[in-house]
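Because the structure is a prediction, the values reported are computed rather than measured.
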Amino acid sequence: MEKLNQSSPLHEIRTHINALRGNVPLHRRESKRLYSFSTLPFAEQLAIWDELWRTENNFWLRLHAYFFLERHLKKESELREMWPVIVRWQEQVDDWGLCDALAKIYTKILVVMPGKVYAQLRAWNRSENLWKRRQSVVSLLYYSRTKKMFPAFDEVEQLITPLLPDKEYYVQKGVGWALRELHSVYPEQALPWLKARITQISAIAFTIAIEKMDAATILEIKALRKVKQNN
């Protein structure tokens, strides 16, 4: 009966967000608004945003739940506390925007809880759900420039390889993203690995994978791909 309660936290959030008309930057600014519950302990605020994420099938409302998490990425204790709650949020993901937003959070938690998070990514890697498969590789490195610690090369490669033949467009975009960041972090290992599998990588993933390489390497690897494909 919560939806009839005009004084509930969820009603307060809905009233504010549903009145907004604008793009993501506007919503990000508005997410800094203080609600009546904003002084509650972290766990209690998280419970409110968790209920909203799980019960509201609305991109903008869920985006504000993400913005709440984004403001709590510096304390290891809060990262650990949020994991058992927000790992379930992936169940409601049905677009790339929310998938990649969660990747920013999951990749931070991967640093402080590597065993548990990597095990979950490995499980998602085998899922029938395309957004879970995408998440399994995007969360590994996210944007590597935002991280100081990374999974080992082998750990990343083991989740990328099974998805090389994946038929889903957004999974292939995620594979390309992971390959691009893998080369940024482990160039000496990633380049030979990429060359050895040059014809197994889809055109979608390949285009993204080479984005950050130097011009000479791009020419070399494009030429190799062409030769291998013609043989």
Side-chain angles (χ1 to χ4, degrees), residues 1-113 115-121 123-124 127-136 138-139 142-143 146-147 170 174:
M1 304 308 299
E2 180 281 322
K3 290 190 176 182
L4 300 178
N5 185 351
Q6 301 296 301
S7 62
S8 73
L10 265 63
H11 177 76
E12 185 180 355
I13 296 169
R14 287 194 215 99
T15 300
H16 174 225
I17 297 172
N18 288 339
L20 299 177
R21 296 293 180 270
N23 54 18
V24 171
L26 169 69
H27 279 265
R28 184 179 291 280
R29 291 195 301 272
E30 289 294 323
S31 73
K32 298 175 183 177
R33 167 197 175 103
L34 293 178
Y35 292 101
S36 62
F37 58 85
S38 295
T39 57
L40 292 176
F42 172 74
E44 294 181 38
Q45 292 187 62
L46 178 60
I48 293 169
W49 290 108
D50 175 49
E51 183 178 357
L52 179 141
W53 182 285
R54 291 184 292 104
T55 60
E56 296 287 341
N57 187 19
N58 179 293
F59 173 83
W60 296 108
L61 289 171
R62 286 176 174 163
L63 187 65
H64 280 252
Y66 157 73
F67 286 145
F68 167 75
L69 297 179
E70 197 179 41
R71 295 192 294 273
H72 293 271
L73 298 180
K74 294 184 179 180
K75 291 184 178 180
E76 180 176 329
S77 60
E78 291 181 346
L79 290 173
R80 291 180 177 276
E81 192 171 2
M82 70 174 70
W83 171 249
V85 175
I86 69 167
V87 67
R88 300 175 299 177
W89 288 16
Q90 184 66 32
E91 298 298 329
Q92 283 79 42
V93 169
D94 58 5
D95 65 73
W96 67 266
L98 291 176
C99 186
D100 297 355
L102 284 182
K104 180 177 181 178
I105 311 299
Y106 293 155
T107 200
K108 293 291 186 181
I109 305 175
L110 177 62
V111 172
V112 300
M113 301 173 62
K116 286 188 177 181
V117 178
Y118 185 79
Q120 183 62 70
L121 297 182
W124 285 340
S127 173
E128 293 183 359
N129 182 294
L130 76 94
W131 302 111
K132 290 181 179 180
R133 298 199 303 277
R134 178 183 172 94
Q135 190 68 270
S136 74
V138 173
S139 289
Y142 189 60
Y143 290 106
T146 68
K147 296 165 61 75
Y170 285 106

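- Once rounded to the nearest 0.5 Å, the distance linking CG of Asp95 with CG of Asp100 reads 9.0 Å.
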Carefully, step by step, assess Lys104 and Tyr143 under the rule side-chain contact (heavy atoms from CB on, under 4.5 Å).
CA-CA 8 Å; Lys104 180 177 181 178; Tyr143 290 106; over 6 Å; no
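- Using cut-offs of 30° and 60° for the angle between ring planes, the His64 and His16 rings count as perpendicular.
- The shortest heavy-atom contact between Val138 and Ala103 is CG1-CB, 3.6 Å.
- Considering every non-hydrogen atom in both Leu98 and Leu63, the closest pair reads CD2-N, 4.3 Å.
- With contacts defined as side-chain heavy-atom distances shorter than 4.5 Å, the pair Leu10/Thr55 qualifies.
- Rounded to the nearest 0.5 angstrom, Trp131 CH2 and Asp94 CG are separated by 8.0 Å.
- The nearest pair of heavy atoms linking Glu81 to Leu46 is O-CD2, 4.2 Å.
- Glu70 places a side-chain heavy atom less than 4.5 Å from the side chain of Arg28.
- When atom types are taken as modelled, the side chain of Arg80 and the backbone of Val112 share a donor-acceptor pair closer than 3.5 angstrom.
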Begin with the C-alpha distance, continue with both residues' side-chain angles, and end with the deciding distance and a verdict on salt bridge (Lys or Arg N to Asp or Glu O under 4.0 Å) for Arg14 and Glu56.
CA-CA 10 Å; Arg14 287 194 215 99; Glu56 296 287 341; 2.5 Å; yes
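- At a threshold of 4.5 Å between non-hydrogen side-chain atoms, the residues Val93 and Gln90 count as touching.
- The aromatic rings of Trp89 and Trp53 lie parallel to each other, their planes meeting at an angle below 30°, with 60° marking the opposite boundary.
- Remark: Glu91 engages Lys132 in a salt bridge, criterion side-chain N to carboxylate O under 4.0 Å.
- Between Gln45 atom CD and Leu69 atom CG the span is 11.0 Å, to the nearest 0.5 Å.
- Atom NZ of Lys147 has more than 12 heavy atoms from other residues, nucleotides or ligands within 6.0 Å.
- Interatomic distance, CG of Leu79 versus NE2 of His72, reported as 10.5 Å (0.5 Å rounding).
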Step by step, would you call Asp50 with Ile86 a side-chain contact (heavy atoms from CB on, under 4.5 Å)?
CA-CA 7 Å; Asp50 175 49; Ile86 69 167; over 6 Å; no
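- The main-chain N or O of Trp124 is never found under 3.5 Å from a side-chain atom of Arg133 such that the two would form a donor-acceptor pair.
- In summary, the aromatic rings of Phe68 and Phe42 are positioned with their centroids under 6.0 Å apart.
- When atom types are taken as modelled, the side chain of Arg29 and the backbone of Val24 share no donor-acceptor pair closer than 3.5 angstrom.
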Go through the steps to decide whether Trp60 and His27 satisfy the test side-chain contact (heavy atoms from CB on, under 4.5 Å), and finish with yes or no.
CA-CA 8 Å; Trp60 296 108; His27 279 265; 3.5 Å; yes
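- Shortest non-hydrogen contact noted between Ala65 and Trp49 is CA-CE3, 3.5 Å.
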Residue pair Arg62, Asn58: steps toward the side-chain contact (heavy atoms from CB on, under 4.5 Å) verdict
CA-CA 6 Å; Arg62 286 176 174 163; Asn58 179 293; over 6 Å; no
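- In this structure, the separation between CZ on Arg33 and CD1 on Ile13 is 10.0 Å, given to the nearest 0.5 Å.
- To the nearest 0.5 Å, atoms OH (Tyr35) and CD (Glu12) are separated by 7.0 Å.
- Crowding of Trp96 atom CH2: a count of heavy atoms from other residues, nucleotides or ligands under 6.0 Å not exceeding 12.
- Heavy-atom minimum distance, Ser31 versus Arg71: O-NH1, 3.1 Å.
- Residues Tyr118 and Met113 form no side-chain contact, since every pair of their non-hydrogen atoms from C-beta on lies 4.5 Å or further apart.
- A donor-acceptor contact closer than 3.5 angstrom links the side chains of Ser139 and Gln135.
- Pairing each heavy atom of Ile105 with each of Leu73, the nearest pair is CD1-CD2, 3.7 Å.
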